[in-house]
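Keep in mind the model is a prediction, meaning the values are calculated, not measured.
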Amino acid sequence: MRTDELISRLSQGLAPVRRVTPPMQAAMGWLAMAFAVVAAGVALSGFRHDLEQRLMLMHEQVNMAAALATGAAAAVAAFHLALPDRSERWALLPLPFAAFWVSGLGWGCLTEFVERGWPALGMSLGCMSFIIGFG
C-alpha cells in the first residue's frame with residue numbers, strides 16, 4: 001500500500017477537533033463555579049459571628065486578598081499546565097501568593113496566641129476545619 005492511500009484511508013470519516021478553551025477563560029469559568037460552591041457552603045454554615053469586626057482589621061483584608069490571589073493563580077496555572085506545549089514553570093505561579101497567605105495566617109495565629117494564650121488554639125480549630133474541609 002502506498003503512503004498516500006494509507007493516509008487517505010486513515011483520514012476518512014474524521015470529524016474536526018474542537019479547540020481547547022483558552023486557559024484564562026477556563027480558569028475564569030472554574031473560579032465562578034468555585035465561588036458558587038463556597039457561597040453554598042457559607043449559606044449552609046453561616047457567616048462567622050465576628051466577621052464584620054475581623055474584616056475591619058487590615059491584616060484580615062490582606063489575608064483574604066492573598067487567599068483569593070492564591071486560588072486564582074492556582075487555577076490559571078492548572079489550566080496552562082493542562083496544555084502539552086506549556087512550560088512546567090506555570091506551577092510556580094501561585095507560590096508567591098501562597099507564601100504571603102500562609103505567612104499571614106501564621107501571624108494571625110501567633111497574634112491570637114499571644115493575646116489569649118492556650119485557649120486561642122481551641123478557637124482556631126473550628127476555623128481551620130472549615131478551611132481544610134473546603135480545601
Side-chain angles (χ1 to χ4, degrees):
M1 177 179 297
R2 292 185 12 215
T3 304
D4 292 342
E5 287 179 46
L6 177 62
I7 291 172
S8 177
R9 288 177 70 189
L10 289 174
S11 63
Q12 286 177 349
L14 293 179
V17 176
R18 186 178 60 87
R19 286 190 174 269
V20 175
T21 305
M24 290 300 285
Q25 185 178 346
M28 292 303 126
W30 186 89
L31 288 169
M33 187 263 326
F35 178 80
V37 169
V38 170
V42 169
L44 291 173
S45 65
F47 288 110
R48 284 180 59 131
H49 67 284
D50 61 346
L51 180 66
E52 185 176 354
Q53 296 162 340
R54 291 190 71 114
L55 288 179
M56 298 298 270
L57 304 171
M58 178 59 95
H59 73 273
E60 292 289 348
Q61 295 171 10
V62 170
N63 278 343
M64 184 173 288
L68 292 172
T70 301
V76 169
F79 284 104
H80 275 283
L81 289 169
L83 300 176
D85 64 336
R86 301 303 160 101
S87 169
E88 292 179 1
R89 289 183 292 191
W90 277 101
L92 302 175
L93 180 65
L95 292 183
F97 304 108
F100 190 65
W101 180 33
V102 169
S103 69
L105 289 175
W107 181 256
C109 289
L110 185 61
T111 303
E112 277 191 38
F113 182 74
V114 169
E115 289 175 1
R116 296 189 180 109
W118 291 106
L121 295 178
M123 292 177 63
S124 296
L125 289 178
C127 181
M128 189 58 72
S129 65
F130 181 81
I131 292 169
I132 290 170
F134 262 72

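By the ring-ring contact (aromatic ring centres under 6.0 Å, His included) test, W90 pairs with H80, sequence neighbours left out.
Interatomic distance, CZ of F100 versus OG1 of T70, reported as 10.0 Å (0.5 Å rounding). In this structure, the separation between CZ on R9 and CD on E5 is 8.0 Å, given to the nearest 0.5 Å.
Linking ILVMFWY residues whenever their side-chain heavy atoms come closer than 4.5 Å, directly or via other members, leaves M58 and M64 in distinct clusters. The hydrophobic cluster containing M28 also contains V37, counting ILVMFWY residues as joined when their side-chain heavy atoms lie under 4.5 angstrom apart, directly or transitively. Put simply, L68 and V42 are part of the same group of oily side chains (I, L, V, M, F, W, Y) that touch within less than 4.5 Å, one to the next.
Shortest non-hydrogen contact noted between L95 and A91 is CG-O, 4.3 Å. Nearest heavy-atom pair, W101 versus N63, reported as atom, atom and distance to 0.1 Å: CD1-O, 3.5 Å. Minimum heavy-atom separation, A73 to L93: O-CD2, 3.5 Å. Here the closest non-hydrogen pair linking P23 and F79 is O-CB, 3.7 Å.
Other residues, nucleotides and ligands contribute at most 12 non-hydrogen atoms within 6.0 Å of the CD atom of E52. The environment of CE in M33 is crowded: more than 12 heavy-atom neighbours from other residues, nucleotides or ligands sit within 6.0 Å.
When atom types are taken as modelled, the side chain of S8 and the backbone of D4 share no donor-acceptor pair closer than 3.5 angstrom. Not one N or O on the side chain of E60 forms a donor-acceptor pair closer than 3.5 Å with the backbone of L55.
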### Task
Apply side chain to side chain contact (heavy atoms under 4.5 Å, CB included) to the pair L81 and R86, showing each step before the final yes or no.
CA-CA 6 Å; L81 289 169; R86 301 303 160 101; 5.6 Å; no
